[in-house]
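A quick write-up on the structure given underneath.
Below, chain A is the first sequence line, B the second, and so on; all start at residue 1.
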Amino acid sequence: MTLPLDPDPKLAEYAHPEKLVTTAWLAQHLGEAGLKVVESDEDVLLWDTGHVPGSVKVDWHTELNDEVTRDYVDGAAFAALMSRKGIARDDTVVIYGDKNNWWAAYALWVFTLFGHPDVRLLDGGRTKWAAEGRELTTDAPTPTPADYPVVERSDGAVRAFKEDVLAHLGGKLIDVRSPQEYTGERTHMPDYPEEGTVRGGHIPGADSVPWARAAAEDGTFKPRAELEAIYQQEKGLDPADDVIAYCRIGERSSHTWFVLSALLGFPTVRNYDGSWTEWGNSVRVPIVRGAERGEVPAR
Amino acid sequence: MTAGTEDLTAGLPPALAEIVEDFNALPVADRLQLLLEFSQGLPPLPPRLEGHPELMEKVEECQSPVFVDVEVDGDSTTHLHFSAPREAPTTRGFAGILAEGLGGLSAQEVLAVPADVGSRLGLDQAVSPLRMRGLAGMLARVKRQVRVATATS
């Protein structure tokens with residue numbers, strides 16, 4: 001059962017307005033049959049301190065990752081997770097989270113790997129919902145286990161592996177990390193700890209567009225015209241381009257993946273979730289230091 | 001093979017040993033609830049530090065703005081103060097553990113706390129490694145401040 005689209009005029013301008021809802025829409029539809037709300041945060045305890053009434057927590061670290069293979073869960077585990085959370089295949093899922101929806105976008109991207117038909121992001125995330133004084137509760141829901149089919153994960157369309165990126169060198173690559181991470185001055189975000197990357201820099205040919213450029217002050221996405229000005233006019237990307245986005249562990253680049261694919265309607269955008277933690281540490285893989293995009297090595 | 005409680009608490013001061021025992025006595029999911037309680041129980045800053053993060057040391061290993069300040073009395077008793085935002089309950093919980101587990105110890109006792117105390121809480125499965133490193137960072141900075149304070153007093 002699918003809920004109606006959010007008719008908000010800002011959303012209507014995006015390429016896929018069906019991928020997003022406003023806080024007002026969520027408040028209006030909360031509790032309706034067929035709507036499941038998921039909170040996905042960087043901080044594993046944040047949901048427990050108060051959440052959108054009826055929402056369930058999905059944790060990126062313990063629930064979406066496979067603990068052993070350094071991969072996402074498989075179809076059977078995803079089906080079991082959905083069942084536990086009370087989510088059916090035909091439910092409308094709205095995901096929100098902390099930190100500008102980084103992990104919410106990441107979760108939405110993982111839902112996309114399993115082809116969940118109707119999954120939407122809450123524009124502005126947890127911060128906007130709370131800032132508007134909307135209800136948060138510590139009451140934990142007890143979801144009725146749902147029937148969720150085992151659907152095999154399909155990585156090809158929206159996920160890039162290191163080998164894909166190597167083959168893509170010379171094509172459009174967007175580095176969404178901070179300028180200091182891009183130049184190689186540092187290997188982690190300002191205010192974030194070192195993460196054991198041995199080399200600083202970026203993938204040869206990658207253009208720097210820090211993820212935050214897509215976000216407005218209140219954490220919502222900028223209107224379509226402003227996003228086009230950044231990605232299309234300033235950076236020269238064309239919707240027909242095959243684009244790969246990366247960051248450090250794949251969460252911030254999920255945010256940019258969402259901007260390019262859902263908001264601007266680029267049909268071919270992949271997220272390289274191995275990102276700099278893999279690339280920066282890989283043996284005999286080329287990097288570029290400094291502010292220039294750099295030469296793409298001949299293959 | 002699971003480590004025995006004696007191994008987990010070896011070398012820990014009594015209050016911290018008790019916290020480690022409490023965590024390990026619970027199933028993993030409930031350990032997060034206990035961490036949440038520590039987050040809620042983190043004592044407020046004393047008035048001289050409230051609203052003055054510049055007087056405290058920033059814990060760079062943490063993903064959120066976390067600040068620590070250690071005072072050491074004339075009789076070598078330590079007083080630990082932590083500040084961590086409510087939007088970062090995991091980090092706040094770690095600060096709460098250190099505040100309760102180390103509060104009132106002597107400088108010597110604080111310096112003797114094993115650096116791997118975080119891994120003894122049994123939270124590795126539930127909390128990302130990056131965040132666990134924040135706890136180690138907090139402890140390391142507490143010890144550094146204790147060393148500085150005792151070297152100059």
Side-chain angles (χ1 to χ4, degrees), chain A residues 39-51 56-68 70 84 96-103 106 125-131 136 138 140 142 178 186-197 219 248-252 275-277, chain B residues 23 26-42 53 56-68 83-97 115 118 121-141:
Chain A
E39 176 163 342
S40 204
D41 296 317
E42 178 184 69
D43 192 304
V44 65
L45 278 179
L46 193 52
W47 177 88
D48 300 84
T49 68
H51 47 262
V56 294
K57 167 167 79 174
V58 170
D59 184 58
W60 62 282
H61 175 60
T62 57
E63 294 182 312
L64 296 178
N65 282 301
D66 182 276
E67 286 187 14
V68 177
R70 196 157 186 234
R84 269 203 316 281
Y96 73 98
D98 64 352
K99 304 261 177 167
N100 282 286
N101 271 337
W102 286 349
W103 273 265
Y106 187 66
R126 184 184 166 96
T127 308
K128 185 159 195 279
W129 180 273
L136 292 169
T138 53
T142 44
S178 62
R186 61 195 313 163
T187 55
H188 58 98
M189 280 182 264
D191 300 334
Y192 274 57
E194 289 289 345
E195 240 162 313
T197 304
R248 182 185 46 106
I249 58 171
E251 91 294 20
R252 284 174 290 173
S275 276
W276 197 254
T277 45
Chain B
F23 270 96
L26 295 169
V28 173
D30 295 344
R31 291 176 195 170
L32 280 180
Q33 288 307 309
L34 184 55
L35 187 60
L36 185 62
E37 286 169 28
F38 276 102
S39 143
Q40 290 155 346
L42 180 67
M56 303 176 75
E57 180 179 4
K58 188 167 193 302
V59 182
E60 301 287 351
E61 292 82 2
C62 286
Q63 301 181 22
S64 314
V66 175
F67 297 89
V68 58
S83 141
R86 297 214 168 263
E87 303 76 53
T90 302
T91 307
R92 227 181 124 78
F94 289 148
I97 288 172
L121 293 168
L123 286 167
D124 294 6
Q125 283 170 282
V127 177
S128 73
L130 189 55
R131 203 164 274 286
M132 293 305 301
R133 205 178 314 173
L135 174 60
M138 267 185 250
L139 178 60
R141 282 163 197 275

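In this structure, the side chains of B:Glu87 and A:Asp43 stay at 4.5 Å or more apart for every pair of heavy atoms.
Among all heavy-atom pairs drawn from A:Asp59 and B:Ala126, the shortest one is OD2-O, 4.5 Å. Nearest heavy atoms, A:Val44 versus B:Thr90: CG1-OG1, 3.6 Å.
With a 4.5 Å cut-off on non-hydrogen atoms, B:Arg92 does not touch chain A at all.
Atom CD in A:Glu42 sits 5.0 Å away from atom CZ in B:Arg131 (nearest 0.5 Å).
A 6.0 Å sphere centred on CD of B:Gln125 holds no more than 12 heavy atoms belonging to other residues, nucleotides or ligands.
Results of the side-chain contact (heavy atoms from CB on, under 4.5 Å) test with A:Leu45 over B:Thr91, B:Val127, B:Leu32 single out B:Leu32 as the only residue that passes.
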